[in-house]
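Here's the structure we're looking at; comments come further down.
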Amino acid sequence: MSVSDYNPEEIEKKWQKYWEEKKTFASYPYRRKKYYLLEMFPYTSGSIHIGHVRNYTIGDVVARYKLMHGFNVLHPIGFDAFGLPAENAAIDKGIHPRDWTYRNIDNLRYQLKRLGLSYDWSREVITCNKEYYRWNQWFFLKFYEKGLVYQKKAPANWCPTCRTVLANEQVIDGRCYRCETPVVQKDLKQWFFKITNYAEQLLEEIENLKDWPLTVKKMQINWIGRSEGMEINFELFPNGFKIPVYTTRPDTIFGATYLVLSPYHPLVEKAIKDEPSIKSEVEQMRKEQLIKGEVEKRGVQSSLWAINPVNKEKIPIWIANYVLMEYGTGAIMGVPAHDERDFEFAKKYNLPIKVVVSPPENNFSRGNLKQAYVGEGKMVNSDRFNGMLSKQAREKMSEWMQSMGIATPRVHYKLRDWCISRQRYWGTPIPIIYCDRCGTVPVPEKDLPVELPAEIEITGKGGSPLKNVESFVNCTCPYCGGKALRETDTMDTFVDSSWYFLRYASLKREKIPFDTQEVNYWMPVDQYIGGIEHAILHLLYSRFFTRALRDIGLVKISEPFKRLLTQGMVIKDGAKMSKSKGNVVDPQKIIDKYGVDTLRGFILFAAPPDADLEWKEEGLQGVHRFLTRIWKLVVENKAGEWEDKFEKIYLNGKNREECELQRIVNRTIKKVSEDIENRFHFNTALASLMEFVNYLYRYSDKKSKIFKEALQILILLLYPFTPHIAQELASKMGLKEDLSHHSWPEYKKQLLESERATVVIQVNGKLRDKITVAPNESKENIEKEVLNREKIKKYTRGKVIKKIIYVPTKLMNIVVD
RNA sequence: GCCGGAGUGGCGGAACUGGUAGACGCGCUGGACUCAAAAUCCAGUGAGGUUUGCCCCUCGUGAGGGUUCGAAUCCCUCCUCCGGCACCA
């Protein structure tokens, strides 16, 4: 490479080996103040990509920084090893999912180690090991006992050609990703976790997550989707059968001109019986509803009629594709004047539109609306409520309807129960047995784990692959001893990732999922770092799981992740890196060329962690140059032994240059510490280190003791970012200690400011001059001085000085007429 | 449509609570070293104007208004891009 003998590969491998042999990053409970740092574990696909490197590098900086502050840091890693791609590999390449997965894990582990990350490898978790997934089964049984698990029919994506169930991500534009056959929906009996039991808690307690990004919190709030309204009973005419509808606008009930049932509403069967000609129409609508996205509204009028309970009006009952069975009661009152969707529908089918809320402007002609009016206003056409404000009417009418026994207040959520059944092989078997005599029975705890059979043929055809493994399917009922069949679905892999952080936090774990005492010591995770794509599902499921385990008595806490950082994407040529775009950068190649420290340094320097990062090869060279400059600076100027009395640097400044160096050292320590601690702005921290290095290059007396001390500080500050070169240079300077055990330098407040401050002088807010003053100089003295300056006189001559604003040590603004 | 986030030099990005806009890096230009190149080191680098030259002036943070002594930062209106949700009654 050149003059410098900085050889990244050699020193990086050397220190990686050292850390591994010394178990530098092994952690044990109950000592000192704990700090649990976690990055989202990788899915076991092929190899590490730049996104992983970014994620794990950010974490590593924080881990090493916290270690230097004396924290007992828990920093584990593992592998999210169950999932669909393993089965795809089996189909495409004929490799057993298990072999594919373990081969990938070996590769990933090797690559992660080459990144020099400060992991406690002894805590590694691999979710496809039976030692791990048996506890998924155990939790399933516990949840079952608690009534948090139930089974119901639910539609699954079905490809008629492949004769298999597809995951949502395998359905592309309504077609099978493999053969492009249109996907149909098929009702299957599936297992659900009752996450909706926790909907209110999960929503309310979002506000306790003070250190989570606002966007993630907003996304979860929207996802849970709480709404308050009334359930109002309409009556079927003439027999009085009750049809409850849910609305958030009970104030508009006098404007209901029809009633709509979801095509899946139970009453629809009766409607079809009465009027068989609508059957095909209804079936068409049912199909339409299963397709994602908005379709044109359509419906059909049934032969049924309903009575509006407040005015006894007889209104028609329609069946329409825009009403969902899963939300509310599956039936709505149609108020076209005040609901956009009802309006669109009523226009299409010429249904009457009755205004009951008059907007404040109040000049709209009845029956001639261009669009629905959804805002607040004055009640009209609403009997005794006329003239009342709609907001008030909402309360009064609710009370009134309640007192008549026709309505009850209701809260609804968009959040649905979590369907955990997957018709897949490579996942955790659901521990359930179907017995003809005893029915659906859970596998007894003592029989866990229900092991995934090794012998399997995966074809991508048919239903659950486990159905064809007779030795798996056929079993005996644990209660009556008779012949029985096993459940052949496996669990959603989000179950695996909903508690892995608890498993990490426990060293004793053969006979238990985790040690409660240890987990109570380590939890919650103090800092969690990962991609924004997990903002909803993974993070919400983990919050649910933690609460469920709390209620079973296994953990104390409710929130698993105290502080969350969602890192931005890595962009190249204006697009997210992806194989299909062909813009993928292989981290291994970068490491081979520049070393890990350069790669880490660049990723940290190019953008703050929560912003997207633009990949630029040239930027790497800049960071490499920076590291080489440090290398040269230290190697050429180190002298004597590493001196561990850093306080000297605060006291020993004798001449002007030394005093300036002191000041810069102190400012740099402050800047780097605060950038890491408060904001994770590693880019600006590194920028200040670059400025520091540039200054040290210009420093004249490089043989002085104070200069050597400055170099030591530089190395300490550098360590979290580029640990290998920092550790090597420290050792070259004679330090025997591991830098992660060395204390972080502290700055002295009184040495941050210089004896002279530069004050900017403005006239009417425009920069005109600068002046250096003593920091404690009085406003009056500075004023006197400033107003006498020729430059300033030029602007004040002949003008009236109205005001002078002085911001001490920073700025003086002279305001003239 | 609704909810977030972002728009700053040729580029990535700084400016933390309103107080010198453009730190740091890349790129580019010039110089030193060299037979030459690479590497390295030093200097310059928002746009425009003015000047022999240091100087100095004007404009400038997506657009337009406003608040303020002072706005990239706060308020209003709008545009563009990115992400999430999307018939949830």
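Only this structure's heavy atoms are used, side chains among them; waters, hydrogens and symmetry mates stay out. Bear in mind the structure is a predicted one, so any value in this text is a computation, not a measurement. Per chain, numbering begins at 1; letters A, B, ... match sequence-line order.
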Pairing nucleotide - [N], Watson-Crick or G-U, each distance under 3.5 Å:
{"N": "B/rG48", "value": "B/rC57"}
{"N": "B/rA72", "value": "none"}
{"N": "B/rA15", "value": "none"}
{"N": "B/rG7", "value": "B/rC79"}
{"N": "B/rA86", "value": "none"}
{"N": "B/rU29", "value": "B/rA43"}
{"N": "B/rA38", "value": "none"}
{"N": "B/rU20", "value": "none"}

Report yes if a side-chain nitrogen or oxygen of [X] is closer than 4.0 Å to either non-bridging phosphate oxygen (OP1 or OP2) of [N]; otherwise report no.
{"X": "A/Arg410", "N": "B/rA89", "result": "no"}
{"X": "A/Tyr697", "N": "B/rU40", "result": "no"}
{"X": "A/Lys803", "N": "B/rC69", "result": "yes"}
{"X": "A/Asn694", "N": "B/rG25", "result": "yes"}
{"X": "A/Ser227", "N": "B/rA89", "result": "yes"}
{"X": "A/Arg768", "N": "B/rC56", "result": "no"}
{"X": "A/Asn678", "N": "B/rC16", "result": "no"}
{"X": "A/Arg698", "N": "B/rC42", "result": "no"}
{"X": "A/Arg625", "N": "B/rU40", "result": "yes"}

Report the residue (A/Leu686 or A/Lys794) whose heavy-atom-nearest nucleotide on RNA chain B is the more 5′ of the two.
A/Leu686
Closest-nucleotide mapping onto RNA chain B: is A/Asn683 or A/Ile805 further toward the 5' terminus? I mean the 5' end.
A/Asn683
With [atom1] as the reference atom in both, quote the distance from [N] to [M] in angstrom, rounded to an integer.
{"N": "B/rA37", "M": "B/rA47", "atom1": "P", "result": "28 Å"}
{"N": "B/rA71", "M": "B/rC76", "atom1": "C1'", "result": "15 Å"}
{"N": "B/rG7", "M": "B/rU61", "atom1": "P", "result": "14 Å"}
{"N": "B/rG4", "M": "B/rC74", "atom1": "P", "result": "15 Å"}
{"N": "B/rU67", "M": "B/rG12", "atom1": "C1'", "result": "34 Å"}
{"N": "B/rA38", "M": "B/rC16", "atom1": "P", "result": "40 Å"}
{"N": "B/rC54", "M": "B/rG49", "atom1": "P", "result": "16 Å"}
{"N": "B/rG46", "M": "B/rG27", "atom1": "C1'", "result": "15 Å"}

So what does [X] touch, heavy atoms closer than 4.0 Å: a base, only the sugar-phosphate, or nothing?
{"X": "A/Glu340", "answer": "nothing"}
{"X": "A/Tyr795", "answer": "sugar-phosphate"}
{"X": "A/Lys766", "answer": "sugar-phosphate"}
{"X": "A/Val760", "answer": "base"}
{"X": "A/Val323", "answer": "base"}
{"X": "A/Lys671", "answer": "base"}
{"X": "A/Asp342", "answer": "nothing"}
{"X": "A/Lys218", "answer": "sugar-phosphate"}
{"X": "A/Gly225", "answer": "nothing"}

With a distance cut-off below 6.0 Å to the six-membered ring centre and an angular limit of 45° from the axis, does A/Arg667 pair with A/Tyr747 as a cation-pi contact?
no
Quick check with a 6.0 Å cut-off and a 45 degree axis cone: is A/Arg768 positioned over the face of A/Tyr795's six-membered ring?
yes
Nucleotide of [options] approaching [X] most closely (side-chain heavy atoms):
{"X": "A/Arg629", "options": "B/rG5, B/rC42, B/rC87", "value": "B/rC42"}
{"X": "A/Glu614", "options": "B/rA89, B/rG12, B/rG84", "value": "B/rG12"}
{"X": "A/Gln621", "options": "B/rG27, B/rA14, B/rG70", "value": "B/rG27"}
{"X": "A/Thr215", "options": "B/rA89, B/rG19, B/rG4", "value": "B/rG4"}
{"X": "A/Trp223", "options": "B/rG27, B/rC24, B/rC85", "value": "B/rC85"}

Between [X] and [Y] (side chain of the first, backbone of the second, donor and acceptor by atom type, cut-off under 3.5 Å), is there such a pair?
{"X": "A/His681", "Y": "A/Asn683", "value": "no"}
{"X": "A/Asn308", "Y": "A/Ile253", "value": "yes"}
{"X": "A/His338", "Y": "A/Tyr373", "value": "yes"}
{"X": "A/Asp417", "Y": "A/Phe192", "value": "no"}

Which of parallel (below 30°), tilted (30 to 60°) and perpendicular (above 60°) describes A/Tyr258 and A/Phe345?
tilted
Return the value, rounded to whole Å, for the distance between atom [atom1] of [X] and atom [atom2] of [N].
{"X": "A/Ile630", "N": "B/rC24", "atom1": "CD1", "atom2": "C1'", "answer": "13 Å"}
{"X": "A/Lys810", "N": "B/rA15", "atom1": "NZ", "atom2": "P", "answer": "14 Å"}
{"X": "A/Lys616", "N": "B/rG13", "atom1": "NZ", "atom2": "P", "answer": "9 Å"}
{"X": "A/Leu689", "N": "B/rC24", "atom1": "CG", "atom2": "C1'", "answer": "11 Å"}
{"X": "A/Gln567", "N": "B/rC82", "atom1": "CD", "atom2": "P", "answer": "21 Å"}
{"X": "A/Leu767", "N": "B/rG22", "atom1": "CG", "atom2": "P", "answer": "10 Å"}
{"X": "A/Tyr6", "N": "B/rA39", "atom1": "OH", "atom2": "P", "answer": "18 Å"}
{"X": "A/Lys802", "N": "B/rG70", "atom1": "NZ", "atom2": "C1'", "answer": "13 Å"}

Below 6.0 angstrom between ring centroids: does that apply to A/Phe707 and A/Tyr699?
yes
Start with the C-alpha gap between A/Thr408 and A/Glu231, add the side-chain angles, then the distance that decides, and say whether side chain to side chain donor-acceptor pair (under 3.5 Å) holds.
CA-CA 5 Å; A/Thr408 35; A/Glu231 197 170 297; 5.1 Å; no
Evaluate side chain to side chain donor-acceptor pair (under 3.5 Å) for A/Trp615 paired with A/Asn583, printing each intermediate quantity in order.
CA-CA 10 Å; A/Trp615 184 266; A/Asn583 61 351; over 6 Å; no
Identify whether the glycosidic angle of B/rG9 places it syn (within 90° of 0) or anti.
syn
Check whether the side chain of A/Lys770 and the base of B/rU20 form a donor-acceptor pair under 3.5 Å.
yes
